[in-house]
Amino acid sequence: MAGFSVQRYAPERSAWGRFTARDSVVRRLDWPLLGSAIALSLIGSMLVYSATRGRDSLTHGDPYYFLFRHALNTGIGFALMVGTIWLGHRTLRGAVPILYGLSVLLVLAVLTPLGATVNGAHAWIIIGGGFSLQPSEFTKITIILGMAMLLAARVDAGDQLHPDHRTVAKALGVAAIPMVVVMGMPDLGSVMVMAVIVLGVLLASGASNRWIFGLLGAGTAGAVAIWQLGLLDDYQIARFAAFANPALDPAGVGYNTNQARIAIGSGGLSGTGLFQGTQTTGQFVPEQQTDFVFTVAGEELGFLGAGLILVLLGVILWRACRIARETTELYGTIVAAGIIAWFAFQSFENIGMTLGIMPVAGLPLPFVSYGGSSMFAIWVAIGLLQSIRVQRPITA
């Protein structure tokens, strides 16, 4: 009938049928989102290889050591994305309490003898065989899912238009527990990401603005108190000092940032050529395969190559925003918004610290930096976004 739109839902099928039918999951995937994520991972493989192929102390004499592991991490991450789509975000909604509990237990395990310290942060569990696990990466996902489950429950059921104050308080409690543990590691970078995720989730949920402004005020007061009480470790204070004054101790705490700027600035418009960067081949930039991988792009691929990375990240955020806007359930909107806040802030912080406009916080660049835990988590997030898109109503 003219003037009316008819909504229908895809008929129930077996898990395999959802992937093989003509109007299947594959046909309904957000291909720009998936293509951009794959492209970033492939670019990351080249950059990680370039950054590590000549570092025998890291590769044990095998120039393909990090390339192989980065490709393996990407493959596992991709499989986790497929599994997430197959299960569906609605099915996972029922398992959120279990997933949340497991993630908190893993974070707590870091504080036991199982935990290990890497680059000043006691945030890792060594598995063996050269592999390690950073539980805080998975906590980002469970905070999003846990808060979304609480905030959307009565709204999606039609009992409320917006989450009430009691529900918001419970959701904040869900986020606070792992954040306090991660802060004690200390892993300030991950806590910063989680705080931004919490704000993004609350904004998407329709919670009262009093909560938003209250959290911003509390966060500011808390940051001042932490600084005044000397609760930060020496290496964290040194990073903030180097950010405030880049000329401070250029051979010490300011070394990473200064070398990163030199590497990016030397690339010019089109770069020195892949595997031809003097800063990269000369091994002047520390942690170049992880936190400072963007410097390889800036030096060897230049402004154009680095700009391509920004464009691909922008496409992912654009498609995620579209998914958040088009879904008809608040739960899906909140999950997508939390992922958007996560990806946007972590990308800005990582790239910003290489340019000297943000303090060094030890955060990887999504899809590009080497690191299994981060890669697994972000591909699960892509699976959640795709599931939200796939399971939305079909408009005839």
Side-chain angles (χ1 to χ4, degrees), residues 76-77 79-81 83-116 121-127 131-157 163 166-187 189-202 204-205 329-332 334-339 341-342 372-385 387-388:
I76 294 173
L80 289 172
M81 179 200 70
T84 302
I85 300 173
W86 178 67
L87 288 172
H89 69 289
R90 292 173 183 162
T91 301
L92 289 173
R93 184 176 186 172
V96 166
I98 297 174
L99 296 174
Y100 176 80
L102 289 174
S103 71
V104 171
L105 288 176
L106 280 174
V107 172
L108 288 172
V110 175
L111 303 180
T112 71
L114 294 174
H122 193 78
W124 302 81
I125 297 176
I126 303 301
I127 299 175
F131 292 94
S132 58
L133 184 71
Q134 188 178 11
S136 58
E137 292 292 337
F138 305 103
T139 306
K140 297 171 187 175
I141 297 175
T142 55
I143 285 176
I144 293 172
L145 294 177
M147 292 187 71
M149 181 188 71
L150 288 173
L151 293 169
R154 298 185 67 180
V155 176
D156 283 340
R166 185 176 180 180
T167 301
V168 174
K170 289 180 180 179
L172 291 176
V174 165
I177 294 172
M179 287 177 68
V180 169
V181 178
V182 173
M183 186 67 190
M185 291 179 179
D187 185 358
S190 293
V191 173
M192 291 166 60
V193 176
M194 293 174 188
V196 172
I197 286 173
V198 169
L199 287 175
V201 164
L202 289 182
S205 71
E329 58 179 1
L330 182 61
Y331 176 74
I334 294 175
V335 171
I339 295 171
W342 167 14
S373 300
S374 173
M375 188 67 75
F376 302 158
I378 58 178
W379 276 106
V380 169
I382 293 295
L384 289 170
L385 289 173
S387 173
I388 294 168

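The figures that follow rest on heavy atoms only: side chains count, while hydrogens, waters and symmetry mates do not. Residue numbers run from 1 in the order of the sequence given.
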**OP:** May I have the step-by-step check of side-chain contact (heavy atoms from CB on, under 4.5 Å) for Met149 and Val174, ending in yes or no?
**Re:** CA-CA 11 Å; Met149 181 188 71; Val174 165; over 6 Å; no
Original post:
Taking atom CG of Leu145 and atom NZ of Lys140, what is their separation to the nearest 0.5 Å?
Top reply: 14.5 Å
Original post:
Out of Leu106, Val182, Asp187, which one pairs with Pro135 under the side-chain contact (heavy atoms from CB on, under 4.5 Å) rule?
Top reply: Leu106
Subject >> Partners meeting side chain to side chain contact (heavy atoms under 4.5 Å, CB included) with Leu80 (sequence neighbours left out) >> reply: Ile76, Phe376, Val380
Subject >> Which atom of Ala336 lies closest to which atom of Ile388, heavy atoms considered >> reply: N-CD1, 4.1 Å
Original post:
Any idea which heavy atoms bring Leu151 and Pro163 closest together, and the distance?
Top reply: O-CG, 3.4 Å
Original post:
How about Thr139 and Met194: do any of their side-chain heavy atoms sit closer than 4.5 Å?
Top reply: yes
Subject >> Gap separating the CD1 atom of Ile334 from the CE atom of Met147, nearest 0.5 angstrom >> reply: 8.5 Å
Original post:
Going through the checks in order, is the side-chain contact (heavy atoms from CB on, under 4.5 Å) test met by Tyr331 and His89?
Top reply: CA-CA 9 Å; Tyr331 176 74; His89 69 289; 3.8 Å; yes
Original post:
Which distance, rounded to the nearest 0.5 Å, do you find between the CG of Leu330 and the CZ of Arg154?
Top reply: 13.5 Å
**OP:** Keeping to residues at least two apart or across chains, list the side-chain hydrogen bond (donor to acceptor under 3.5 Å, both in side chains) pairs with something in residues 98-115.
**Re:** Ser103-Thr142
Subject >> Single hit among Leu384, Ile98, Val335 for side-chain contact (heavy atoms from CB on, under 4.5 Å) with Leu92 >> reply: Leu384
Original post:
Can you find a pair of side-chain heavy atoms, one from Val181 and one from Leu108, that are under 4.5 Å apart?
Top reply: yes
Subject >> From Leu150 atom CG to Lys170 atom NZ, the distance as rounded to the nearest 0.5 Å >> reply: 7.5 Å
Original post:
How far apart are the closest heavy atoms of Leu114 and Ala109, and which atoms are they?
Top reply: CB-O, 3.8 Å
**OP:** Identify the heavy atoms of Ala337 and Gly200 that sit nearest to each other, and give their distance.
**Re:** CB-O, 4.0 Å
Subject >> Closest heavy-atom pair and its distance - Gly383, Thr84 >> reply: C-CG2, 3.7 Å
Subject >> Non-neighbouring partners of Ser373 that pass side chain to side chain contact (heavy atoms under 4.5 Å, CB included), sequence neighbours left out >> reply: Leu133, Gln134, Glu137, Phe138
**OP:** Measure across Val96 and Gly146 and return the closest heavy-atom pair with its distance rounded to 0.1 Å.
**Re:** CG1-CA, 3.6 Å
Original post:
Are Ile141 and Leu99 close enough, and set up right, to give a side-chain contact (heavy atoms from CB on, under 4.5 Å), and what steps lead you there?
Top reply: CA-CA 9 Å; Ile141 297 175; Leu99 296 174; over 6 Å; no
